[in-house]
Amino acid sequence: MKQYVVARPLYSEDAFTDEHEKIHRHHKTLRHHVKQYFTCDLKRAKNAALSLLPFIGWMRIYQLKEWLLSDIVSGVSTGLVAVLQGLAYSLLASLPPWYGLFTAFFPVIIYFFLGTSRHISVGAFPVLSLMVGAVVTRLVPDEGPPVNITGFEGLTSDEQRVMVAASVTFLMGIMQLAMGLLQVGFIVMYLSDTLVSGFTTAAAIHILVSQLKFVLGLVVPGLSGPLSIIYTLEKIFVQIEKTNVCDLVTSILIMVVVFIVKEINDRYKAKLPVPIPIEVIMTVIACGVSYAFNFRVIYKVDVVGRIPVGYESPMAPNMQIFGQTAVEAFPMAIVGFAVAFSVAKVYSVKHDYIIDGNQELIAFGASNIIGAAFKSFAASTALSRSAVQESTGGKTQIAGLLSALIVMVVTLAIGFLLEPLPKSVLGAVVIVNLKGMLMQIREVPYLWRRDRPDCVVWVVTCLASILLGLDLGLAVGLGIELLTVVFRAQFPRCSVLANITGTDIYKDRKDYMSIYEPEGVKIFRIPSPIFFANIDFFRGKLVEAVGFNPLRVLRKRNKALRTIRKLLKKGELQMTSKGLLLTSSGPIEESEDESNMEELDQPTDFKDLPVQVNWNSELPANIQVPRVDVHSLILDFSAVSFLDISALKGLKAALKELIRVEVEVYIVACDEYILEKLHSCKFFDDEVKSSMFFLTLHDAMLHILEKHPVNSENTKVCEKVITTATIHGNQCNGVSSLRSRDKFVHGSEPETKF
């Protein structure tokens, strides 16, 4: 086994600072940061342009011969999938199918110029589409009149729904753009993978239920709000006998074929040049069969119907709808960005380039704002569509631009070919693409075994999103997630450490057999920041670790001194050669005067007594004081990253209580930032001194062993297990108080080898 030997002085923090000069770093002021932020030069202007228009960066390095063909193949494949998914996800948004084609075109064009990811496919995302649909059906329900909104006059139901979808998308885009400009892209960090997994699984269940009406060929009104999924299922099962058999058979056939071919694509993806576009193939076949056998007339199948040629005129958002949908728009903005950023991050790592979260917010914000002006609904990215773009060889967003051109061709020229397509086919395609999200439920047993708080976050987020709706469910999940973080920090796993035999390593005394604990020494470790919420927990655990309550002991001692002074004053207690001797034979009552409790909390004062009381020996007059067997306490602060003001006050109070009962306290491995804060907050005084801070735990332990040598029968054992070092110099005999540490001369530290 490899070994190492280090010979160096024993360091306290003060000694180390005296011996090693620090570099003085000049910290910039807020004024300097503001001035620098608004200063502009040629280099900064160039960097700003490249940051705002990332496509310039990768266009300059575009390898025409190597990348163009791959981008063309990828663009065509992705475009065909985007057309189909655009039509299908429009049904989730409770809009006419052709508006999904707008979502697959306008946001893609804007993202080409502003986005930093080269591989994601921008467009409709099923979870966002469902959230848009919930807003649309709330303001313009299938049954009953719409909400009274100025601007709805003279519009058909579909036109009202398009206005609502476009307005909420516009508001969502404003929120994303504002967050990007304010550089708050870090907000996505608060959505953990566990929370997103539970949320998207619930969304997949909502999507599955919403598509059952198309698969079964039933007329079911769209519902939104808490328990809407229960009410929807109720309406479906009430009329289950009205199921359109043609729709059901078509859907089952589509789902089976698409599922099998997708499995083949996954299993043989290394051998296939491009994945088989089975959704497109089955859609073309379904269109042909539906047209040939006139499904709409003969079998009463609901089909896509007329698809208008061309694009519609731009539309301004409705301000009144902004007020009605602001609560729903914010979670949509967060979810849309979080999903897109997580997918983009996967591909950026795989292909070794950098993405910028704040620029992604700007890109999606602008995409949704401009897209909404042209009546598209919320855009993000779909994992399946992005996988097609990347797996078919896409190198840059040129592939995304070409996919938008394919969508444009369908919109302007050949959209009429999709008119006989049954909506049940679109519903079947949506359902079969939910496999990935639904299979996330397999994470629950793993999380339960590995990390139960994370499992609770997953389950609560999923159930809340299913029962309360996606917007409220996301809020509940985020609240539970933050609570778990707070609880982990508020109730950390504190431990008492011991030395591992023959090393300078200290571990939890409960976990190892071969340990050594010097008599009268306790080592306490707290593995978290100390702040207002956990300072009381910290002090409670500290009392538990040392085995006594120092404040209670201090009060008992001061009460005992009151009694001794009272007996001396009455002459019932006299000083002899053997110490204090009780001369009275009557019962002695302990002083119970607690009129001034503050005096009981002060340090013990022996100045008017003929002797100093040894609290661990038998006291006269049967005075009882709790025994303290600990003479030194080491606090391991290696995992403490910060202290707030409440924690500083609580820590100082705890230290003073221990010092006043003659327990020497040492704090080790303290962060430099915390030390600076302690000095700036006037933490140190006549009792709590900076000399209690040591560089490492082993430094503090060796210092304690020097001041409190082990007894003769344990000396050899101590030398073997606690140090492989030789401690040179004079050793202090007896028990010394904390204040004696100030007599330590920094220039003559004992040399240590370990």
Side-chain angles (χ1 to χ4, degrees), residues 189-198 443-464 475-498 506-512 515 517 522-553 630 633-658 663 665-671 673-675 677-678 681 683 697:
M189 302 302 177
Y190 291 102
L191 301 180
S192 67
D193 292 342
T194 304
L195 183 144
V196 172
S197 175
E443 296 178 11
V444 175
Y446 172 82
L447 290 172
W448 182 253
R449 293 192 301 268
R450 304 299 181 196
D451 194 323
R452 293 190 178 182
D454 266 359
C455 185
V456 170
V457 171
W458 196 103
V459 172
V460 172
T461 303
C462 186
L463 291 178
V476 170
L478 186 58
I480 292 294
E481 181 182 52
L482 294 179
L483 279 178
T484 61
V485 174
V486 170
F487 284 143
R488 291 185 201 222
Q490 188 172 352
F491 305 107
R493 184 183 178 275
C494 300
S495 55
V496 177
L497 306 184
Y506 296 80
K507 294 289 186 180
D508 191 334
R509 62 192 298 272
K510 296 179 181 178
D511 295 338
Y512 293 88
I515 60 173
E517 296 180 278
K522 292 289 184 180
I523 308 171
F524 181 76
R525 182 176 188 271
I526 179 169
S528 80
I530 306 176
F531 57 106
F532 67 93
N534 69 358
I535 182 61
D536 290 334
F537 176 81
F538 164 75
R539 295 182 65 176
K541 285 293 182 180
L542 186 58
V543 168
E544 186 180 319
V546 297
F548 63 90
N549 187 322
L551 184 59
R552 179 174 174 270
V553 171
V630 176
L633 171 67
I634 303 176
L635 300 179
D636 182 0
F637 271 31
S638 58
V640 178
S641 57
F642 74 87
L643 295 167
D644 67 2
I645 297 299
S646 299
L648 288 181
K649 293 178 180 178
L651 177 63
K652 188 170 184 177
L655 295 181
K656 284 191 173 185
E657 290 170 6
L658 288 162
V663 175
V665 184
Y666 303 88
I667 299 177
V668 302
C670 188
D671 186 81
Y673 160 77
I674 295 178
L675 277 173
K677 186 170 185 177
L678 294 178
C681 293
F683 182 78
L697 202 163

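Numbering starts at 1 and runs along the sequence shown. Basis for what follows: all heavy atoms, side chains included, without hydrogens, waters or symmetry-related copies.
Of the possible donor and acceptor atoms, none in the side chain of Glu443 sits under 3.5 Å from a partner among the backbone N and O of Ser197. Put simply, the side chain of Asn534 gets close to the backbone of Ala489: a donor and an acceptor are under 3.5 Å apart. Here the side chain of Lys522 pairs no donor or acceptor atom with the backbone of Val630 at under 3.5 angstrom. A distance-only check finds no donor-acceptor pair linking the side chain of Glu657 to the backbone of Pro550 [under 3.5 Å].
The shortest distance between side-chain heavy atoms of Ser638 and Arg525 falls below 4.5 Å. Proximity of Val663 to Val546: side-chain heavy atoms (C-beta onward) are nowhere separated by under 4.5 Å. Put simply, the side chain of Phe637 reaches to within 4.5 Å of the side chain of Leu651, judged on heavy atoms. Side-chain contact check for Lys541 versus Phe524: some heavy-atom pair is nearer than 4.5 Å. Within the 4.5 Å cutoff, the side chain of Leu697 has heavy atoms near those of the Leu497 side chain. Looking at Val668 and Tyr506, their side chains never come closer than 4.5 Å, going by heavy atoms from C-beta outward. Two residues are said to be in side-chain contact when any heavy atoms from C-beta on lie closer than 4.5 Å; Cys494 and Phe538 fail this criterion. A heavy-atom distance below 4.5 Å is not found between the side chains of Thr194 and Asp451.
A distance of 13.0 Å separates CZ of Phe532 from CD1 of Ile645, quoted to the nearest 0.5 Å. Between atom CD1 of residue Ile526 and atom CG of residue Leu542 there is a gap of 9.5 Å, rounded to the nearest 0.5 Å. In this structure, CH2 in Trp458 is found 8.0 Å from CG in Leu463, a value given to the nearest 0.5 Å. Lys652 NZ to Leu678 CG: the interatomic distance, rounded to the nearest 0.5 Å, is 10.0 Å. Of the inter-residue distances, the one linking Arg539 atom CZ with Ile530 atom CD1 reads 11.5 Å to the nearest 0.5 angstrom. Atom-to-atom distance recorded for Ser641:OG and Ile674:CD1 is 6.5 Å, nearest 0.5 angstrom.
For CZ of Arg552, the number of neighbouring non-hydrogen atoms (other residues, nucleotides, ligands) closer than 6.0 Å is 12 at most. At most 12 non-hydrogen atoms from other residues, nucleotides or ligands lie less than 6.0 angstrom from NZ of Lys507. For OH of Tyr446, the number of neighbouring non-hydrogen atoms (other residues, nucleotides, ligands) closer than 6.0 Å is 12 at most.
For Tyr190, the ring-ring contact (aromatic ring centres under 6.0 Å, His included) test picks out no residue, with sequence neighbours left out.
Residue Val496 comes nearest to Ala545 through the heavy atom pair CG2-CB, 3.8 Å, listed as atom of the first residue, atom of the second, then distance. The shortest heavy-atom contact between Ser495 and Asp508 is CB-OD2, 3.4 Å. When every heavy atom of Leu648 is checked against every heavy atom of Cys681, the shortest pair comes out as CD1-SG, 3.7 Å. Scanning both residues, Pro453 and Arg488, for their nearest heavy atoms gives CB-NH2, 3.0 Å. Taking every heavy atom of both residues into account, Leu675 and Cys670 meet most closely at CG-SG, 4.2 Å. Contact between Pro527 and Ala639 at its shortest, heavy atoms only, is CA-CB, 3.5 Å.
With Leu447 as reference, Asp454 is the one residue of Val456, Val457, Asp454 to meet the side chain to side chain contact (heavy atoms under 4.5 Å, CB included) rule.
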| Step by step, would you call Leu635 with Val665 a side chain to side chain contact (heavy atoms under 4.5 Å, CB included)? | CA-CA 7 Å; Leu635 300 179; Val665 184; 4.2 Å; yes

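Because its NZ or CZ atom is not both nearer than 6.0 Å to the ring centre of Trp448 and within 45° of the ring axis, Arg450 does not count as a cation-pi partner of that residue.
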